[in-house]
Amino acid sequence: MENDCVFCKIISGEIKAKTVFSDELITVFEDIHPVAPVHLLIVPNKHISSINQIQDEDSPVLARLFYVARDLAKQHGIDEKGFRVMVNTGKDGKQTVFHLHMHLIGGRELAGRLMN
Ligand code: 5GP
Ligand code: ZN
């Protein structure tokens, strides 16, 4: 739990969000400004600021981000048609919340191969 971290506050329940999944490692909630019919944020419960701060000991939670993305894509019926996962990092990567998170975006055909 990091002071003044909005995602830590969502994970602890201090700030409300539309949570769709949680377990001991991960919390998933709907993005407040969705860019597609499915736009979920898959978030480690542990405060890790960005990819730059991940450590070897974080391997289980990092793997779990992908397993949860796989399961939620299937649950939302977008696994076959496709979807995108993104982890924005740092200033040039346009990261705005400095608590590591994976965007899971789908439910429509997305523009381009990459957003740039
Ligand atoms: P980033 O730009 O850091 O990759 O993504 C941060 C995302 O968090 C943005 O898409 C933004 O809409 C979302 N977000 C920021 N604050 C909140 C919040 O309080 N609740 C929810 N559900 N999403 C938020
Ligand atoms: Zn945090």
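When a ligand or atom number is given, it counts from 1 through the structure's own listing order. Both backbone and side-chain heavy atoms feed into the values below; hydrogens, waters and symmetry mates do not.
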(message) Assess the residue pair H76 and L40 against the criterion (side-chain contact (heavy atoms from CB on, under 4.5 Å)); give the C-alpha distance rounded to whole Å, side-chain angles, the decisive distance to 0.1 Å, and a yes or no.
(response) CA-CA 11 Å; H76 285 78; L40 300 173; 3.8 Å; yes
Could you check whether any side-chain N or O of [X] sits under 3.5 Å from a backbone N or O of [Y], counting only pairs where one atom can act as donor and the other as acceptor?
| X | Y | value |
| --- | --- | --- |
| Q95 | V97 | yes |
| N45 | E24 | yes |
| D71 | V68 | no |
| R108 | V35 | yes |

(request) Quick one: look up the protein heavy atom nearest atom 15 (C) of ligand 1 and list residue, atom name and how far away it is. (result)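 Minimum-distance protein heavy atom for atom 15 (C) of ligand 1 reads V97 CG2, 4.0 Å.
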(message) Just to confirm my output: which protein heavy-atom neighbour is closest to atom 11 (C) of ligand 1, and how far is it?
(response) D31 OD1, 3.4 Å
(request) Report whether L41 and V20 are members of the same hydrophobic cluster (ILVMFWY, side-chain heavy atoms less than 4.5 Å apart, transitive linking). (result) no
(request) Please check if F83 and V28 belong to a single hydrophobic cluster, counting links between Ile, Leu, Val, Met, Phe, Trp and Tyr side chain heavy atoms closer than 4.5 Å. (result) yes
At a 4.0 Å threshold, what atoms of ligand 1 neighbour a non-hydrogen atom of [X]?
| X | result |
| --- | --- |
| K94 | 2 (O) |
| T96 | 1 (P), 2 (O), 3 (O), 5 (O), 6 (C) |
| V6 | 19 (O) |
| F7 | 8 (O) |
| H101 | 1 (P), 3 (O), 4 (O), 5 (O), 6 (C) |
| F29 | 22 (N) |

(message) Are any of the N/O atoms on N88, whether in the backbone or the side chain, positioned under 3.5 angstrom from an N/O atom of ligand 1?
(response)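 It does: an N or O of N88 is found under 3.5 Å from an N or O of ligand 1.
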(message) Check for me whether M86 has a heavy atom closer than 4.0 Å to any atom of ligand 1.
(response) no
(message) Using heavy atoms and a 4.0 Å limit, tell me yes or no: is I15 in contact with ligand 1?
(response)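 Heavy atoms of I15 never come under 4.0 Å of ligand 1.
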(message) Restricting to N, O or S, what is the name of the atom of H47 that lies nearest the Zn ion (ligand 2)?
(response) ND1
(message) Tell me which N, O or S atom from H99 is the closest to the Zn ion (ligand 2).
(response) ND1
(message) Regarding atom 21 (C) of ligand 1: of the candidates I32, L40, V35, L41, which has the closest heavy atom?
(response) I32
(message) Minimum distance, heavy atoms only, to atom 4 (O) of ligand 1: which one of Q95, H33, H103 is it?
(response) H103
(request) Quick one: closest heavy-atom pair of V43 and L100, and the distance? (result) CG1-O, 3.7 Å
(message) Tell me the closest heavy-atom pair linking H103 and H39, and the distance in Å.
(response) ND1-NE2, 2.9 Å
(request) Please calculate the SG(C8)-the Zn ion (ligand 2)-SG(C5) angle and round it to 10 degrees. (result)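 Output for this angle: 120°, rounded to tens.
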(request) With side-chain contact (heavy atoms from CB on, under 4.5 Å) as the test, would you mind laying out the steps for D23 and F21 before giving the verdict? (result) CA-CA 7 Å; D23 68 10; F21 173 83; 3.7 Å; yes
(message) Heavy-atom distances under 4.0 Å decide this one: backbone, side chain, both or neither, for E30 against ligand 1?
(response)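 Within the 4.0 Å criterion, E30 contacts ligand 1 through backbone atoms alone.
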(message) At under 4.0 Å between heavy atoms, is it the side chain or the backbone of I10 that contacts ligand 1, or both, or neither?
(response)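 Answer for I10: side chain.
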(message) Angle between ring planes, H101 versus F7, binned at 30° and 60°: parallel, tilted or perpendicular?
(response)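 If you compare the ring of H101 with that of F7, the planes turn out perpendicular.
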